[in-house]
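This is a predicted model, so every value here is computed, not measured.
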Amino acid sequence: MPRACRPAHALCLALLGAAATTAANAVAAAKAASTAAAAAPATALDCDLLFAGGRVVDGTGAPWFRADVCVAGDHIAAVGQLGEVRARRRIDASRLVVTPGFIDMLGQSEYNVLVDNRAASKITQGITTEITGEGSSIAPVNQRMIDEGKEVWAHYGVAPTWTTLREYWQAFKRARPAINLGTFVGAGGVRNLVIGESERPAAAAELAAMEQAVARAMEDGALGLSTSLQYVPDRFASTDEIIALAKVAARYGGSYITHQRSESYQIDASLDEVFRIAREARLPAQVYHLKAACRGMWGQMPHVLARLEAARAEGLDVSADQYPWTAGENGLDANLPLWVRDGGTDKMLARLADPAARARVRAELRKDDRSWENQYQCAGGGQGILIATVVNPALKKYEGKTVAEIAKAEGKDEVDVIMDLVAADRAHTANIVFIMDEQDVRAALRHPLVSLCTDSGAEAVDGIFGQEKSHPRAWASAPRILGHYVRDEKLLPLEEAVRKMTSLPASRMGLADRGIVRAGMAADLVVFDPATVRDVATYTDPLHYSEGIPYVAVNGQLVVDGGKITDARPGRPLYGPGYKP
């Protein structure tokens, strides 16, 4: 039983019972499949790929067992003691662990895979499927929204050829990525589509148009509705507006997923909003990248987890995901007060050119005002803010430096450094912010309801992505759990860690054919060395692939073979429950 729960705690027992139901059924089915496979004559099987004699951690949370895993085409054909079965490729896995492919609950690679279809930093850490679409999803968009991103498209060399999600899937399939991808439709993107980025309520006709956009996206294959309520324009949506859109997603069998409105001092009110949306829209809800995000909030994760447990005890289908790091990453402009960001980039830059507005920003960022998400204060000032990536080539020298270091070197005020970089890079600069406590991270990692996310797009050590810094979570979140927290720290059992990265996210997203090593399931598989798997990327030197994962298969094809990225690109769109071909 996870340390987060006390055996006598009735709520905890109910929680674990609910969370274990799917896993228990899966365990029984896996054992039955293994028995049937073991009993089958060898001549009945033809394996394109056979992982022989590995320690199978099947994703359900059940104890590992020794077995062969036979892959035929894009599916697992058998799991068991298969003897001398015919196999085009036999790999000795006797010293390795075989698991389902890892599922990233917030991957952010929907654009990146069009630029570089290898998804290199993801497949090398065992991630075979990404869920994405936070707040402002890849679609729907209009020409105004496309034009607003022209600097990014020019920098990376891929401009949108789509306006709807259905059209995006065509671009995805043409790009032939190495990973599978499913996406939510972002409520913030839909709001931008209909209203723009201004702070005002939606009129009745505008809300109706937004509901129609969500309905179309659900029929185009979205998994549900997402929000990113710390950022513009999502921040301007009322709870009632979100509920109205969530009800549309619910009609199609979708779920709700959110970067909640506050991850710091207003987190209780923010959780109340998440639970209200789940309750009134009658759909499952998921909290993105769960954290207690501010120095004054450190130590509050057990309280947050208890609130999730209480909501489940009430009958709400809620859960969360997390990346195993103490720093987050977002846009540098997220440090600025909301009024500065109101109305979009051009209006923000005009304010940053106004001396009176800049003076107001300096005063507000230095004030310990807990009524808004003051990221600058939460990070402890400029020493807790690291510049990750820029788009403007003239600013490359700042990558990998803290705001405090830049301010000291240039003799400037830290807040002026933030405003100047936001203006010079037209709000494209990303920063890494050190806002979490290790003990809070560990508490969430132990909890049975918290699955894996990276909250980062795919990166690479070469090509255009190799020319910029990034967060190590993009490179090494799964190996950090397996190596550091499971093997070295013994924070949680291997079987539980794998469950939280495979069958738990698969069940949350309705991916019925993924997340478990079982005959008939899609052949997304990870084969790693439990003694050597580890994260290598760091905050200041992130461009390193993880180690100890020699084989990764996506839909039956090896995308990592002997530790090397192959030419296989077998990734597929994973459509939501409302998809209409």
Peer 1: Can you name the one residue among Val552, Val554, Thr454 that meets side chain to side chain contact (heavy atoms under 4.5 Å, CB included) with Ile127?
Peer 2: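 Between Ile127 and the candidates, side chain to side chain contact (heavy atoms under 4.5 Å, CB included) is satisfied uniquely by Thr454.
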
Peer 1: Do side-chain atoms of Ser319 reach the backbone of Gln286 as a donor and acceptor pair under 3.5 angstrom?
Peer 2: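 Absent.
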
Peer 1: Got a salt bridge between Arg312 and Glu309, using NZ or NE/NH1/NH2 to carboxylate O under 4.0 Å?
Peer 2: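 Judged by the 4.0 Å cut-off on N to carboxylate O distance, Arg312 and Glu309 do not form a salt bridge.
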
Peer 1: Salt bridge check, Arg295 against Asp437: does any charged N sit closer than 4.0 Å to a carboxylate O?
Peer 2: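 So Asp437 does not pair with Arg295 through a salt bridge.
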
Peer 1: Take the angle between the ring planes of His471 and Trp325 and call it parallel below 30°, perpendicular above 60°, tilted in between.
Peer 2: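 Correct class here is perpendicular.
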
Peer 1: Ion pair present between Asp104 and Lys122, side-chain N to carboxylate O less than 4.0 angstrom?
Peer 2: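 Between Lys122 and Asp104 there is a salt bridge, with a charged N closer than 4.0 Å to a carboxylate O.
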
Peer 1: Is Glu399 paired with Lys396 through a side-chain N to carboxylate O contact shorter than 4.0 Å?
Peer 2: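 Looking at Lys396 and Glu399, the cut-off is met.
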
Peer 1: Keeping the roles fixed (side chain from Glu410, backbone from Ala407), state whether a donor-acceptor pair exists under 3.5 Å.
Peer 2: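 Side chain of Glu410 to backbone of Ala407, a donor-acceptor pair under 3.5 Å: no, none is there.
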
Peer 1: Would you say Ser121's side chain and Ala474's backbone share a donor-acceptor pair under 3.5 angstrom?
Peer 2: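 At least one qualifying donor-acceptor pair exists.
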
Peer 1: Taking NZ, NE, NH1 and NH2 as the nitrogens, is one of them in Asp455 or Arg473 under 4.0 Å from a carboxylate oxygen of the other?
Peer 2: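 Looking at Asp455 and Arg473, the cut-off is met.
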
Peer 1: Where does the angle between the aromatic ring planes of Phe465 and Tyr156 fall among parallel (under 30°), tilted (30 to 60°) and perpendicular (over 60°)?
Peer 2: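 Ring orientation, 0 to 90° scale: tilted.
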
Peer 1: Does the plane of the ring in Phe528 sit parallel, tilted or perpendicular to the ring in Phe102? Use 30° and 60° as the thresholds.
Peer 2: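 Taking Phe102 first and then Phe528, their aromatic rings sit tilted (interplane angle of 30° to 60°).
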
Peer 1: If we check side chain to side chain contact (heavy atoms under 4.5 Å, CB included) with Val559, which of these qualifies: Ile565, Ile123, Thr128, Ile179?
Peer 2: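 Considering Ile565, Ile123, Thr128, Ile179, a side chain to side chain contact (heavy atoms under 4.5 Å, CB included) with Val559 is found only for Ile123.
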
Peer 1: Under a 3.5 Å distance rule, please check whether Asp440 uses its side chain to pair with a backbone N or O of Met301 as donor and acceptor.
Peer 2: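 Flag set: sc Asp440 to bb Met301 pair under 3.5 Å.
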
Peer 1: Does this structure show an ion pair linking Arg351 with Asp346, if we count only N-O contacts that are shorter than 4.0 Å?
Peer 2: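 So Arg351 does not pair with Asp346 through a salt bridge.
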
Peer 1: Hey, could you give me the CD1/CD1 distance between Ile277 and Ile242, rounded to the nearest 0.5 Å?
Peer 2: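 The CD1 atom of Ile242 is 4.5 Å from CD1 of Ile277, to the nearest 0.5 Å.
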
Peer 1: Tell me which pairs pass ring pair (Phe, Tyr, Trp, His ring centres under 6.0 Å) where either residue lies in residues 473-503, with sequence neighbours left out.
Peer 2: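 Output for this query lists Trp475-Tyr545.
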
Peer 1: Side chain of Arg341, backbone of Leu336: donor and acceptor closer than 3.5 Å?
Peer 2: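 Yes.
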
